[in-house]
Every structure is written in structure tokens, then in C-alpha cells.
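Here's the structure, in C-alpha cells; my notes come after.
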Amino acid sequence: TALNGRMAYVETSRGCPFSCAFCLSGNKEAPDARTVQFMPVDEALALLIHIGNSGCDTVKLIDRTFNCHKARTMALLRGLIDAKAQGLIGEVCYHFEVAADLFDDEALALLATAPAGLFQMEAGLQSFHGPTLDACDRHTDMARLTDRIQRILAPGNIHLHIDLIAGLPQEDYATFGRSFDRAFSLGPHQLQLGFLKFIHGSRLRREEWGARFAPDPPYEVLSTPWISYAELRRLHDAAEAVERIHNSGRFALAEALALEATGMRPFDLYLLLGQKMAERQGRWSLDALTQMLHATLLEMGVAAPSLRDAMVLDRLATDNTGYLPPFLQ
């Protein structure tokens, strides 16, 4: 059946070999949860090719850690690259959730051969703060992880998302800010700021560690012993600014100019932009968002001619109408 440009969700494995305290997939209390069950690789590849040729524009795998079994991962990636080369799949993107540190040199070399746009990956960092990762049973070599992310990005053919989670144990406002800056410096295509959810059955919900969370789904964190409600509200505002300004890709030159001209940390820039956005009620049109960013960066001391040039180029690169709002004309 033609999916007509929609997104298809597919599961080719179930379970997770890891046991992160904020997640259910590797919950040791659940029977067989940490025993990953795999669809046979030939069957999985045939399914992915079939769905990739059905008219959808994105095939999103909901496998918890797509690359946890190296030989299987290599077979699926190679099979999809070959299918694309043979014209067996159309203009489709496959989205995987991965543990980037599990990719070795052979896998990275294979990924570098993929056609641009065929693969999109989401690498959940969650935090760079060591005590936080330890408290969540997330045992990751962060130097290796950083190296792998940089090597995935280097060829320029794979769209990469990085996730951070606010409200985790041992993570305060300052350490979260440092995690943000470090993740930002890696240059992912999207930097997603999430907030801890106290999912039924997760260890962080079962244990009493002084956190408060909303009583209704999705049970989002309200405060912890390390971060206050007010600080989390500021991070929510910053997350909205990151989504609309950074992740949209519409203001890349203006953002780079602002960071260079002011010397601000990315975290502080997006805290400020989030605060500006929160001061205005209602929806943000593209012109209103552009005008707010223009005015804010002028207030920060960015030179008007350079800012106008950057914002005009940004606008023309991402809007095929050729229209410029009056303040940029």
C-alpha cells in the first residue's frame, strides 16, 4: 500500500542489552527484557526494502539500540546501501536510534559510503556529567562516544540528532549547561533537549531520591535535589528556542555570527533567546521569530551590517519565495 509521503514505524528487534535507570527497555525486573529478540536479518532487510519502496518518506525503526549486534547491523546497512544503488528503494530515509560508541572502524567506513539522505541517526547522549551517567547505570566511554559522533558527521552524508535529558540525578543547572555546550560543539544537525519522564517500572520511578514529578502522563520531572522547578522552566524555554532557531536550520549564519561576535556560550545564548520567546504569548510566525532574533542580536552588540547580511542569506537559503521582511530589505 502506498504510504504517500508519510512516516512508517518498524520494529526489527525487541529488548535492550543495557539497563539505563530512566528507561523500561533494559529493566532487569522484567522477564527477558534484557534478552534482545531479533527478527531474522534476511526477513528484516526484505521488510525494510519493501516499506522503503511503498511511498513513505521516512522509515523510523523503533528498535531500542539498532546497532547492538554488529554483524546484523552491518548486514542491514550494507543491504540498504546496495538496494539504493540498484534502484530497489526510492527517495526514503531510514531513521535509527543508535549507541554511537558501539560503531567500530569497519562500521564507520561503511556508513561513509551511504548515499546522502539515506540514513538518519539519533544518538542519545543524555548527559556528559560522569556522576549522572553512573547514577543512571549508563556506562559509556565519553571520549570514544565523542570521537564516533565526529566521525559519523565528518563525511556529511548522515543526518545526526543528539539527545540530552534534563532532570537526571546528580545533574544540576551548571553541569547541564556544560553538557549542552559540549553537545552543541559536536555540530549535530539537531540537538534535542528532553526532560526526564518517570515511567512506570523504571528504576528512577521506583526509588525514592527526592525528585518531584507530574502526577499525570508523561510524568515529567518538576524538580530534583539538584535542579529547581524554576531552573527547569528556564530550560523548557531554552528548548523551545533551540527547536525553532537552531534545529530548524533557518538561522545558521546568524547563529554562528552571534556566537563569534559576542563570545557567548551556546547555552547562555539559548537561555536568553528562550527568555525572549517566553515573553510573547501566542504562536510565532517566521517573520516574528526573525524580527525577535534580529532585535536581540543587535542588543547583544552584533554589528548591524554583518547581521543583516547573515540573516538575508539565511532567509534566501531556506525560503524559496525570495521574500524578505521589511526590516531586512
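Computed from a predicted model, the values in this text were never measured in an experiment.
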Which pairs would a plain distance check flag for residues 275-286, meaning a side-chain donor or acceptor within less than 3.5 Å of a matching protein atom at least two apart in sequence or in another chain?
unit_1 : atom_1 : unit_2 : atom_2 : d
Lys276 : NZ     : Glu299 : OE1    : 3.3
Arg280 : NH1    : Arg283 : O      : 2.8
Ser285 : OG     : Ala288 : N      : 3.1

- [ ] Write out all pairs satisfying salt bridge (charged side-chain N to carboxylate O under 4.0 Å, His left out) with one or both partners inside residues 238-250, taking only residues at least two apart or from two chains.
- [x] none

Task: Counterpart residues, side chain to side chain contact (heavy atoms under 4.5 Å, CB included), relative to Glu97 (two or more places apart) - done: Glu122

Open item on the list: Any donor-acceptor pair under 3.5 Å linking the side-chain atoms of His246 with those of Glu255?
Closed with: yes

Task: Mutual orientation of the aromatic rings belonging to Tyr270 and Phe180 [parallel < 30°, tilted 30-60°, perpendicular > 60°] - done: tilted

Open item on the list: Please find the pair of heavy atoms, one from Ala183 and one from Leu125, that lie closest to each other, and give the distance.
Closed with: CB-CD1, 4.1 Å

Open item on the list: Test of understanding: with side-chain hydrogen bond (donor to acceptor under 3.5 Å, both in side chains), list the residues that count as partners of Arg234, not counting sequence neighbours.
Closed with: Tyr173

- [ ] Report the C-alpha separation of Arg315 and Asp287 in whole Å, then their side-chain angles, then the decisive distance to 0.1 Å, and conclude whether the salt bridge (charged side-chain N to carboxylate O under 4.0 Å, His left out) test is met.
- [x] CA-CA 10 Å; Arg315 183 64 173 247; Asp287 283 359; 2.6 Å; yes

TODO: For the residue pair Asn67 and Thr73, confirm or rule out a side-chain donor-acceptor distance under 3.5 Å.
DONE: no

Task: For Leu204 against Cys136, the heavy-atom pair lying closest together - done: CD1-SG, 4.5 Å

- [ ] Return the set of residues passing side-chain hydrogen bond (donor to acceptor under 3.5 Å, both in side chains) with Asn53 (not counting sequence neighbours), or none when no residue passes.
- [x] none

Open item on the list: Test of understanding: with salt bridge (charged side-chain N to carboxylate O under 4.0 Å, His left out), list the residues that count as partners of Glu43, not counting sequence neighbours.
Closed with: none

